[in-house]
K.L.:
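Dropping a structure here in structure tokens format, bear with me for questions.
Keep in mind that what you see is a predicted model, and the values were worked out from it rather than measured. Both ligands and their constituent atoms are indexed starting at 1 by order of listing. Numbers here are sequence positions counted from 1.
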Amino acid sequence: MDKKVTKIGVLTSGGDSPGMNAAIRAVVRTGLYNNLEVFGITRGYMGMIDDDIVPMHSRSVANIIQRGGTILKSARCKEFYEFEGRKKAYENLRKHGIEGLVVIGGDGSFRGAQKFATEFDIPCIGLPGTIDKDMAGTDFTIGFDTAVNTAVEAIDKIRDTADAHDRLFIIEVMGRDSGYIALHSGIATGAENILIPEAKTNIEDLIASLEDKQRRKKLVNLIVVAEGDEFGGAEEVAKVVRQRLPDMDTRVCILGHIQRGGSPSCIDRLVASRLGYAAVEALMEGRHNVMIGIINNKLHYTPLDLAVKAKQKIDKEWLKIVKILAS
Ligand code: ADP
């Protein structure tokens with residue numbers, strides 16, 4: 001695997017996350033610094049199949065480090081699940097002479113990259129770009145810090161209005177399989193309860209704790225629910241609360257896609273810049289089929305097949321802390 005890489009491609013795939021642009025910029029500029037040709041592939045794997053592949057220059061990535069979204073666009077691509085689709089993608093990469101690929105995306109994108117890299121001789125480097133943070137092999141994922149800060153800002157605002165009217169607000173944040181945004185934003189905003197997919201929701205306990213708060217005249221309460229909580233989202237929780245505690249003034253707020261957008265935080269820009277730089281170095285060193293993360297402030301390389309299997313675990317002690325601090 002010491003074939004010298006001279007042309008590389010970069011793409012963003014799956015769910016977008018703030019900071020992807022900073023990562024693209026770092027890949028392009030590090031590549032050019034090392035005299036590599038760098039190609040931007042638009043709309044993830046779709047662009048590989050449709051041959052939407054263009055050379056990138058230093059100016060192509062000017063003025064994007066502070067922008068949310070991704071200048072390369074992202075997409076979900078059905079054809080890439082099929083061998084024929086991946087073969088077409090390979091042929092297009094070969095046509096441009098591309099010998100290494102940087103995939104910025106979540107675990108689904110890495111599953112695709114893993115298959116592609118084992119079927120064809122193009123080394124792939126994965127950079128964790130997801131607001132969910134649940135990937136093993138890294139303390140950071142590009143976009144999580146921004147998303148969670150967006151949620152915190154929104155929940156603080158909801159608390160103001162909840163306080164003015166003595167209301168219970170049930171706030172739904174993103175996280176289909178992961179409770180990280182709910183947990184971190186809930187703790188940081190002083191939520192009374194946090195419901196996440198990683199911990200079983202006991203609705204009786206929740207009602208009992210709200211009744212207790214009612215008795216103690218603690219009328220302003222915030223419950224943060226991850227959209228993928230196994231009990232259901234905010235609407236389902238509200239339905240039960242309204243039935244059981246009709247005197248409580250209960251409102252629902254679903255934060256939705258605002259959590260994906262916006263200017264990336266300083267942390268996300270730094271993480272994305274470091275990982276983008278490291279991805280190019282990795283391809284030049286002959287590494288292949290790894291996800292690059294950061295653990296204890298050091299670069300950490302996880303084989304893609306392991307990266308897609310393992311999930312980052314949530315420390316449940318936080319849920320105990322939430323209960324104690326919200327009493
Ligand atoms: P994310 O990367 O955010 O988890 P997805 O799960 O939607 O997003 O995956 C993004 C894309 O990666 C899919 O649309 C598909 O093209 C590709 N992909 C995902 N899983 C596989 C797989 N098992 N085989 C081949 N390609 C896959």
K.L.:
Is there a side-chain hydrogen bond (donor to acceptor under 3.5 Å, both in side chains) between D16 and T70 once you walk through the steps?
P.N.:
CA-CA 7 Å; D16 63 307; T70 154; over 6 Å; no
K.L.:
Is a salt bridge present between K213 and E192, judged by a nitrogen-to-oxygen distance below 4.0 Å?
P.N.:
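Looking at E192 together with K213, the answer is no, because their closest N to O distance does not fall below 4.0 Å.
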K.L.:
Could you tell me if the side chain of V241 sits less than 4.5 Å from the side chain of L210, heavy atoms only?
P.N.:
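In contact.
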K.L.:
Just the distances, no angles: every ligand 1 N or O to protein N or O pair closer than 3.5 Å, one line each.
P.N.:
unit_1	atom_1	unit_2	atom_2	d
ligand 1	2 (O)	G106	N	3.0
ligand 1	2 (O)	G106	O	3.4
ligand 1	2 (O)	S109	N	2.9
ligand 1	2 (O)	S109	OG	2.5
ligand 1	3 (O)	G15	N	3.0
ligand 1	4 (O)	D107	OD1	3.3
ligand 1	4 (O)	G108	N	3.0
ligand 1	7 (O)	R76	NE	2.5
ligand 1	14 (O)	C77	N	2.7
ligand 1	16 (O)	C77	N	3.4
ligand 1	16 (O)	C77	O	2.7
ligand 1	18 (N)	G108	O	3.4
ligand 1	20 (N)	G108	O	3.3
ligand 1	24 (N)	K115	NZ	3.2

K.L.:
Could you give all pairs that pass the salt bridge (charged side-chain N to carboxylate O under 4.0 Å, His left out) test and reach residues 128-140, with sequence neighbours left out?
P.N.:
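Pairs touching residues 128-140 that pass the test: D134-K311.
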K.L.:
Is the F120 ring parallel, tilted or perpendicular to the F116 ring (thresholds 30°, 60°)?
P.N.:
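Rings of F120 and F116: tilted, 30 to 60°.
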K.L.:
I'd like to know if E79 and K88 make a salt bridge, using a cut-off of under 4.0 Å between side-chain N and carboxylate O.
P.N.:
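A salt bridge is absent here (no side-chain N lies under 4.0 Å from a carboxylate O).
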